[in-house]
Amino acid sequence: MPSQRVKIVEGGKLVIPAAFRREMGIAAGDTVVVELDDGELRVRSLAAAIRRVQARMRELNPEGRLLSEELIADRRAEAERE
């Protein structure tokens, strides 16, 4: 989608063009995630931000490994040592 010029209105509000909102799947009242990266403001829908984190966690956690079970086992081992 081509870039568009938008204005910052009173209170620092930025109006996201309707076509961008439709493409991102966001509507009035939705929560978005914003980040500043090397001088650029990035806006993601909350769903997109969650998908990104989940994908990153899948990269870090080998398949078949349940971290919750490892945590429970660690807690039980600590309890036995006490």
Side-chain angles (χ1 to χ4, degrees):
M1 186 169 287
S3 61
Q4 292 186 21
R5 289 174 54 168
V6 296
K7 292 193 182 259
I8 306 295
V9 297
E10 188 153 340
K13 297 175 185 173
L14 170 75
V15 177
I16 301 171
F20 284 34
R21 293 192 312 270
R22 279 192 299 274
E23 181 73 22
M24 295 174 68
I26 58 174
D30 287 353
T31 298
V32 296
V33 176
V34 296
E35 64 183 39
L36 191 58
D37 182 22
D38 197 25
E40 294 182 351
L41 180 66
R42 296 179 187 239
V43 180
R44 288 188 183 84
S45 68
L46 187 56
I50 290 170
R51 284 192 304 271
R52 186 175 189 178
V53 169
Q54 288 172 331
R56 180 68 179 129
M57 293 308 296
R58 277 191 296 276
E59 291 173 8
L60 297 173
N61 184 32
E63 286 188 39
R65 182 175 168 201
L66 295 176
L67 297 177
S68 57
E69 288 181 5
E70 289 181 25
L71 177 62
I72 291 168
D74 286 348
R75 295 294 187 258
R76 287 183 178 146
E78 286 177 23
E80 287 177 9
R81 285 192 294 267
E82 291 179 358

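Leu66 belongs to no hydrophobic cluster with other residues, because no ILVMFWY side-chain heavy atom falls under 4.5 Å from its own, directly or through intermediates. Grouped by direct or indirect side-chain proximity (heavy atoms under 4.5 Å, Ile/Leu/Val/Met/Phe/Trp/Tyr only), Leu67 sits alone. In the hydrophobic clustering (ILVMFWY side chains linked at under 4.5 Å, chained through shared members), Leu60 is joined by Val53, Met57.
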Run the side-chain donor-acceptor check on residues 24-42: report pairs under 3.5 Å with partners two or more places apart or on a different chain.
| unit_1 | atom_1 | unit_2 | atom_2 | d |
| --- | --- | --- | --- | --- |
| Asp30 | OD2 | Ala27 | N | 2.7 |
| Glu35 | OE1 | Arg44 | NH1 | 3.3 |
| Glu35 | OE2 | Arg44 | NH1 | 3.4 |
| Asp37 | OD2 | Arg42 | NE | 3.4 |
| Asp37 | OD2 | Arg42 | NH2 | 3.3 |
| Glu40 | OE1 | Arg42 | NH2 | 3.3 |

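Each salt bridge (charged side-chain N to carboxylate O under 4.0 Å, His left out) pair with one or both residues in residues 70-82, not counting sequence neighbours, appears once here: Arg65-Glu70, Arg75-Glu78.
Applying the salt bridge (charged side-chain N to carboxylate O under 4.0 Å, His left out) rule to Glu10 yields no partners; only residues at least two apart in sequence or on another chain are considered.
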